[in-house]
Amino acid sequence: MLKDVLLGRIRDRTAKVGVVGLGYVGLPLAVEFAKAGFHVVGYDVSERVVGALRAGRSHIRDVAAADVATLVRAGTLEATTDERRLAGVDAISIAVPTPLSKTRDPDMSYVLSAADAIKRNAHAGMLIVLESTTYPGTTREIMQPRMEEIGLTVGEDVFLAFSPERVDPGNPVYHTKNTPKVIGGITPACVELATVLYESSIEQVVPVSSPEAAEMVKLLENTFRAVNIGLVNEVAIICDRLGVDVFEVINAAATKPFGFMKFTPGPGIGGHCIPLDPHYLAWKMRTLNYKTRFIDLASEINSQMPDFVVSKVAKALNDDVKPVKGSHVLVIGIAYKKNIDDMRESPALDVMRLLEERGATVEYHDPFVPVYREDGHERRAVDLAPERLRRADAVVIVTDHDDIDYQMIVDNAALVVDARNAIPSKKCRPSRARVVTLTGEVPPAAGARGAVGRAELEAAAR
Ligand SMILES: NC(=O)c1ccc[n+]([C@@H]2O[C@H](COP(=O)([O-])OP(=O)(O)OC[C@H]3O[C@@H](n4cnc5c(N)ncnc54)[C@H](O)[C@@H]3O)[C@@H](O)[C@H]2O)c1
């Protein structure tokens, strides 16, 4: 039986494994398979990605260049832009992007093109696992028909499963190998083969009864995050109106040892997952005439947070008798979350755009993002120097990377709007700066300039 032959090859590591899409998800996975003893062929449409890997360089921060170089030199990890190389592999994992279209519907073009490339190169005795986050039904509706069109019966000739990726870029504890992996197959043989393949490289595998269940697991996980972040962001807005420090409330609530999970408010959500994935579910449910109210509400609140931050900046500048128009604003941290370089869907871009629309001059500092391009324009980070902080009318902390000297910021800036509660968390004591958080102000250190500085400004304006 084809299944038994493939099982044997996976177990004795003579199976060749293909990974389609070598980004944040695909590259760590390819490295784990190669480390487990498989010969891995990574296929990507990007010449840049493949060129870098062939030269032994890693374009993903969480994957050590030394690992890539060692595996590439040993010939166990290959990278190619030639889809025909897939014809020679026994198992394929697909990790291509699943973004949203301009109308916020699923953009399945990458999955479709990867599925077509696999269809052109598939053969009997192959295992294919889709990892890209997607709506329930994708594996059965997109992958299975393509196999049947070339005369391969799923469960007998080829084996098809869905296994959501859970990688959390920048997480120092959990990475591809020690994050449990859920797998749902079209048939029991499909799930068995996929389980044995992934058990070779991942510490814990969790089989479920169908690809739809596995697809839904990922959407539940990320909808759970989007909704809870939406809730806590609304709590921040509520606490602001009440004059209560939201972080004090959250930290005290988090001392409850059961029934509460801590989420923190911020400038909005970003990355390739939380802002997008719930919309895959919302879209699917619209086709079934059901409105996903929690998803819609969370999305509405989360996407308003950049406006909330900018309104804080405007109010704080106003207190200093300054309009936003003509003010010089320095944004600190523009990656979508701390300690990573990923700019996808970053709320910092909205914060900067909204400030510029109001007439501010905006610069940014981010040690992880020295340069980025948006709509054909290139922007470069500026250094974080005391004189620059002193020149700025407002410094806005959007992303709280650890590798930033926050004490230097409060020692030199006049006004800091801290959307992440970074200054209190890092135990900095405001000296020169007035520090405004999402729901209040950080008290200045004894003898600090703080309010005196504002009085001077007001006097100067009069
Ligand atoms: N980034 C994350 O933190 C994360 C976490 C969990 C799940 N996911 C999901 O994993 C999937 C991949 O995300 P990612 O962050 O790795 O994306 P990515 O953009 O980092 O990488 C995708 C790679 O696929 C390549 N590619 C695009 N079309 C291709 C094709 N037709 N054939 C071969 N290669 C192709 C691109 O060149 C790119 O290198 C998405 O569905 C995403 O939602 C991402």
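When a ligand or atom number is given, it counts from 1 through the structure's own listing order. Model, not experiment: these values are computed from the prediction.
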Can you confirm, on distance only, whether ligand 1 has an N/O atom lying under 3.5 Å from any N/O atom belonging to [X]?
X: Y336; answer: no
X: T98; answer: yes
X: D342; answer: no
X: R166; answer: no
X: S113; answer: yes
X: V25; answer: yes
X: T133; answer: yes

Y372: what forms a ring pair (Phe, Tyr, Trp, His ring centres under 6.0 Å) with it, not counting sequence neighbours? Y364

Could you tell me whether the side chain of V310 reaches within less than 4.5 Å of the side chain of V351, counting heavy atoms only?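 Side-chain contact under 4.5 Å: yes.
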
From the candidates V96, V20, V50, the one that places a heavy atom nearest atom 29 (C) of ligand 1: V96

Parallel, tilted or perpendicular: rings of W283 and Y135 (30°, 60°):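 The rings of Y135 and W283 sit tilted, inter-plane angle from 30° to 60°.
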
Quick one: which of V398, L384, V396 gives a side chain to side chain contact (heavy atoms under 4.5 Å, CB included) with I332?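 Single pass found, and it is L384.
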
Check if A117 has a non-hydrogen atom at a distance under 4.0 Å from any atom of ligand 1.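 No, A117 has no heavy atoms under 4.0 Å from ligand 1.
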
The criterion is side-chain hydrogen bond (donor to acceptor under 3.5 Å, both in side chains); which residues satisfy it with E345, sequence neighbours excluded? none

